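These numbers come from a predicted model, not from an experiment.
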Amino acid sequence: MWNKIFSQLNLIRFGLAMASVAIILLILPRADHKSYTYELNQPWKYPLLTADFDMPILRDSTSARLMRDSIDRMFVPFVKRDSQLADNNIERFKKIISEETSAHEQAILITLLTNVYNHGILDTRLYEHLPQKHENSLRLVVKDNNNNSRSVTTIDASDMLSPAKAYSKIDSIFTVETATKMSPQLSKALNICLAANIVVDTVTDYKYRSQEYLTVTGAMGVIKTGQRIVDRGEIVTPQIFTNLNTYMEMMATRHSENNNTYFIIGEGLFIIMVFGMLYTFLYLYRPRFFHNPRQMTFLMAFISLFVVFAVVMFEYVANGIFLVPFAAVPVIILVFFDARTAIFSLVVTVMISALVATFQFQFIYMELTVGLVATFSITQLSRRSQLLRTALLSFVTYAVTYFTSCLILEGNLTQFSLRTIGIFAINSIILSFAYIFILMIEKIFGFTSTVTLVELSDINSPLLRKLAEVAPGTFQHSIQVSTIAAEAARAIGANTTLVRTGALYHDIGKMNSPIFFTENQHGVNPHAGLNPETSAHKIISHVTEGLQMASKEKLPEVIRDFISQHHGRGITKYFYTTAVNENPDKVIDKTIFEYPGPNPQSRETAILMMADAVEAASRSLKEYTQETINNLVDKIIDTQIADGLLKEAPISFRDIESIKKAFKSRLSTIYHSRVQYPEMNKHTATVEATAKRESDDGKEKENPADKSANGINTSKD
């Protein structure tokens with residue numbers, strides 16, 4: 001069974017690692033490690049960039065567009081003449097007007113129509129653009145008689161008309177010569193028979209136009225290998241912008257064709273090694289996290305998604321990688337794990353994200369420094385205002401590290417940019433909202449942050465206020481236990497806030513029957529009339545009832561652990577011993593007197609078990625001396641160890657000795673012996689009183705006016 005569970009956990013951890021590697025590899029850009037972000041008409045912020053290979057110099061988009069416009073404006077179109085169309089339309093016109101007009105009118109109209117077709121009728125669109133062309137010329141491809149060779153002839157288009165213009169010309173001449181207007185039938189016939197017999201030769205036109213476009217799209221020159229493309233501080237002009245685009249496209253193509261597979265393999269091995277270091281650290285030094293599937297899922301998902309976010313910001317936002325608040329990684333992980341895990345997670349996140357950073361040294365130096373400062377500024381997040389302080393410190397650290405890196409890389413401050421400082425300010429503002437992400441993580445993964453624990457430890461919360469009203473003795477007991485438990489947690493480096501909060505809630509189940517517990521009794525003991533089994537059940541039930549109450553109040557799971565584990569699998573010894581003594585000839589079932597458990601599973605719940613037993617037992621001491629307190633603490637804790645109640649908790653004997661020392665010191669402070677004030681001798685007191693009275697009478701006789709001056713009237717009215 002255990003082997004099966006262990007195998008499943010290993011499979012989950014392996015699956016998390018492989019999924020994280022796959023997601024990051026999928027999002028990483030498939031390009032050379034030299035990736036840049038640049039903008040048109042902005043300074044080039046990187047060092048001198050030289051060509052790694054020979055590359056053509058192409059025209060920038062603006063120049064190319066202007067040249068295309070110039071070519072289009074000066075280009076003489078190629079046309080073709082449709083002689084068959086003209087003959088057909090003239091014959092058709094003759095047939096239509098043969099019965100509508102006289103022979104004289106027919107002769108005039110046919111002559112005019114023939115002349116128009118002989119000069120040429122242009123396509124309307126071509127005619128409209130013709131005045132913009134050079135000398136109103138057109139080009140015509142002429143074939144020889146054998147159709148073996150072709151020659152280009154330029155023709156004059158100044159006398160050519162569009163169909164509409166040809167109609168107007170024929171109509172005006174006909175009206176002058178005949179002194180009459182065309183009838184509607186003639187007008188309709190003429191419109192039908194007027195069509196363009198000179199149209200664009202699309203095939204030839206496209207061929208020759210494309211040849212002229214080659215002067216635009218062709219290379220103007222070559223940038224040789226090692227030759228400068230752009231230098232730091234140089235304005236990215238349209239031509240430089242085009243050269244950079246050409247360089248990036250050729251770089252991507254070369255890697256895609258040559259070694260893209262090896263590039264991916266290298267990135268994959270790098271990511272696997274980095275995650276392998278994280279897994280090794282967790283396995284050796286944080287096994288409680290390593291063996292917790294939920295915590296491992298959160299850790300790997302959080303790091304992977306943060307890296308993905310950094311890559312996306314780098315690819316699509318100028319200087320976007322500096323907008324990513326990497327300091328939020330240790331801050332958020334510190335809340336749910338510990339400082340070492342937070343710092344190691346920061347290193348892993350920054351190392352993987354550095355794959356896309358342009359200046360990797362500067363990036364790693366700045367982000368690690370800022371992340372460490374953020375971690376050191378929050379030893380334990382208990383208030384939202386702490387994030388504001390952390391954000392301010394992060395901004396100052398960003399500014400200082402940026403200043404330092406500029407001096408290291410350039411030897412001067414010529415590249416120190418206030419715009420970059422503004423980006424760092426935005427980064428720090430984003431960091432100050434990390435509390436929102438903490439709340440989201442709490443809801444999604446069921447974790448409990450220190451801020452939530454601090455809010456729960458407020459004794460004015462409804463549940464604790466009810467405990468103080470219903471079971472005041474239990475409430476005072478819980479306060480005392482939380483005090484000494486927190487002291488012990490501080491001594492061994494455990495989570496002080498968690499222990500204090502868990503101690504306040506560990507006995508809330510006693511609210512259902514407070515009278516059955518000694519601290520709430522006032523002379524009446526309800527156990528006097530009950531058998532030991534029933535009494536034990538009443539005592540034990542405060543654990544199960546406390547869990548039910550905690551579930552109803554939606555207390556976090558870590559708090560419910562304190563309720564279930566503060567007695568572990570221990571027994572109610574008083575009632576078990578009573579049952580044995582009352583039934584000497586009977587075998588007593590020990591399980592009846594046993595708490596449901598489980599035994600403490602963490603250092604914090606182990607501390608609470610010890611503190612709860614020690615504080616309760618300390619109330620029964622007849623005298624509070626250092627010796628009796630020390631003996632009590634040693635006896636209680638040693639008994640718990642002997643009973644095996646602490647064997648499942650990750651706590652060492654050195655920790656237990658520190659805990660004992662903290663308990664003894666704290667209990668000695670609580671139950672310190674007071675100095676006994678001496679009683680005054682009766683004869684001495686009488687003498688002092690007489691002397692004081694005589695002294696007062698003398699003062700009244702010597703200064704009778706003083707009483708009047710002080711507002712005392714000695715006369716009788």
Side-chain angles (χ1 to χ4, degrees), residues 379-380 382 453-454 457-459 464 467-468 471-507 510 517-522 562 565-568 570 572-574 600 602-643 645-646 649-679:
T379 54
Q380 194 174 63
S382 57
L453 293 175
V454 171
S457 64
D458 183 5
I459 60 175
L464 292 180
L467 177 64
T474 299
F475 178 73
Q476 291 301 323
H477 161 71
S478 299
I479 294 291
Q480 292 280 54
V481 170
S482 70
T483 302
I484 64 173
E487 192 72 25
R490 191 176 295 108
I492 68 169
N495 192 326
T496 307
T497 307
L498 177 59
V499 170
R500 180 185 293 112
T501 308
L504 290 174
Y505 288 90
H506 79 284
D507 272 344
K510 292 181 179 180
F517 300 91
T518 306
E519 66 267 20
N520 299 310
Q521 295 171 1
H522 302 285
F562 283 92
Q565 298 174 23
H566 76 277
H567 285 296
T572 53
K573 290 189 175 181
Y574 178 87
S602 65
R603 294 197 298 171
E604 288 76 15
T605 53
I607 291 172
L608 177 64
M609 171 183 277
M610 292 183 273
D612 182 46
V614 166
E615 199 283 332
S618 68
R619 296 172 180 267
S620 63
L621 288 175
K622 295 181 180 179
E623 58 176 346
Y624 295 99
T625 64
Q626 191 65 53
E627 182 180 359
T628 58
I629 290 174
N630 291 350
N631 291 337
L632 174 70
V633 172
D634 290 335
K635 178 182 177 182
I636 294 295
I637 296 179
D638 290 344
T639 301
Q640 290 177 336
I641 295 173
D643 291 341
L645 299 180
L646 298 174
I651 195 166
S652 65
F653 284 110
R654 177 180 294 180
D655 290 338
I656 291 176
E657 289 303 315
S658 300
I659 291 169
K660 285 182 178 180
K661 185 177 179 181
F663 284 169
K664 294 171 184 177
S665 174
R666 194 65 184 175
L667 289 174
S668 297
T669 303
I670 294 173
Y671 299 116
H672 67 280
S673 57
R674 292 172 174 81
V675 177
Q676 186 175 5
Y677 290 92
E679 294 184 2

Do side-chain atoms of [X] reach the backbone of [Y] as a donor and acceptor pair under 3.5 angstrom?
X    : Y    : answer
N495 : E604 : no
D643 : L645 : no
S620 : A616 : no

What's the shortest heavy-atom distance between [X] and [Y], and which atoms?
X    : Y    : value
Y671 : S618 : OH-OG, 3.3 Å
A613 : I636 : CB-CG2, 3.5 Å
A503 : S482 : CB-CA, 3.5 Å
Q565 : S602 : OE1-N, 4.5 Å

Interatomic spacing from [atom1] in [X] to [atom2] in [Y] - rounded to 0.5 Å:
X    : Y    : atom1 : atom2 : result
T501 : L453 : OG1   : CG    : 4.5 Å
F517 : D507 : CZ    : CG    : 7.5 Å
I492 : I656 : CD1   : CD1   : 9.0 Å
I607 : D612 : CD1   : CG    : 13.5 Å

> Who pairs with H477 by ring pair (Phe, Tyr, Trp, His ring centres under 6.0 Å), at least two apart in sequence or on another chain?
Replying inline: H506
> Which pairs, with at least one residue in residues 617-629 and sequence neighbours excluded, count as a salt bridge (charged side-chain N to carboxylate O under 4.0 Å, His left out)?
Replying inline: E615-R619
>> Which residues pass the salt bridge (charged side-chain N to carboxylate O under 4.0 Å, His left out) test with K661, not counting sequence neighbours?
In response: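 Applying salt bridge (charged side-chain N to carboxylate O under 4.0 Å, His left out) to K661 gives none.
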> Under the salt bridge (charged side-chain N to carboxylate O under 4.0 Å, His left out) test, which residues partner K664, sequence neighbours left out?
Replying inline: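 D634.
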> Going by an N to O cut-off under 4.0 Å, is there a salt bridge joining R490 and E487?
Replying inline: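 Yes, R490 and E487 are salt-bridged.
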> Can D638 and K660 be counted as an ion pair, charged N to O under 4.0 angstrom?
Replying inline: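 Yes.
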> What residues, two or more places apart in sequence or in another chain, satisfy side chain to side chain donor-acceptor pair (under 3.5 Å) together with T628?
Replying inline: T625
>> Going by side chain to side chain donor-acceptor pair (under 3.5 Å), name the residues that satisfy it together with Q626, two or more places apart in sequence or in a different chain.
In response: N630, S668
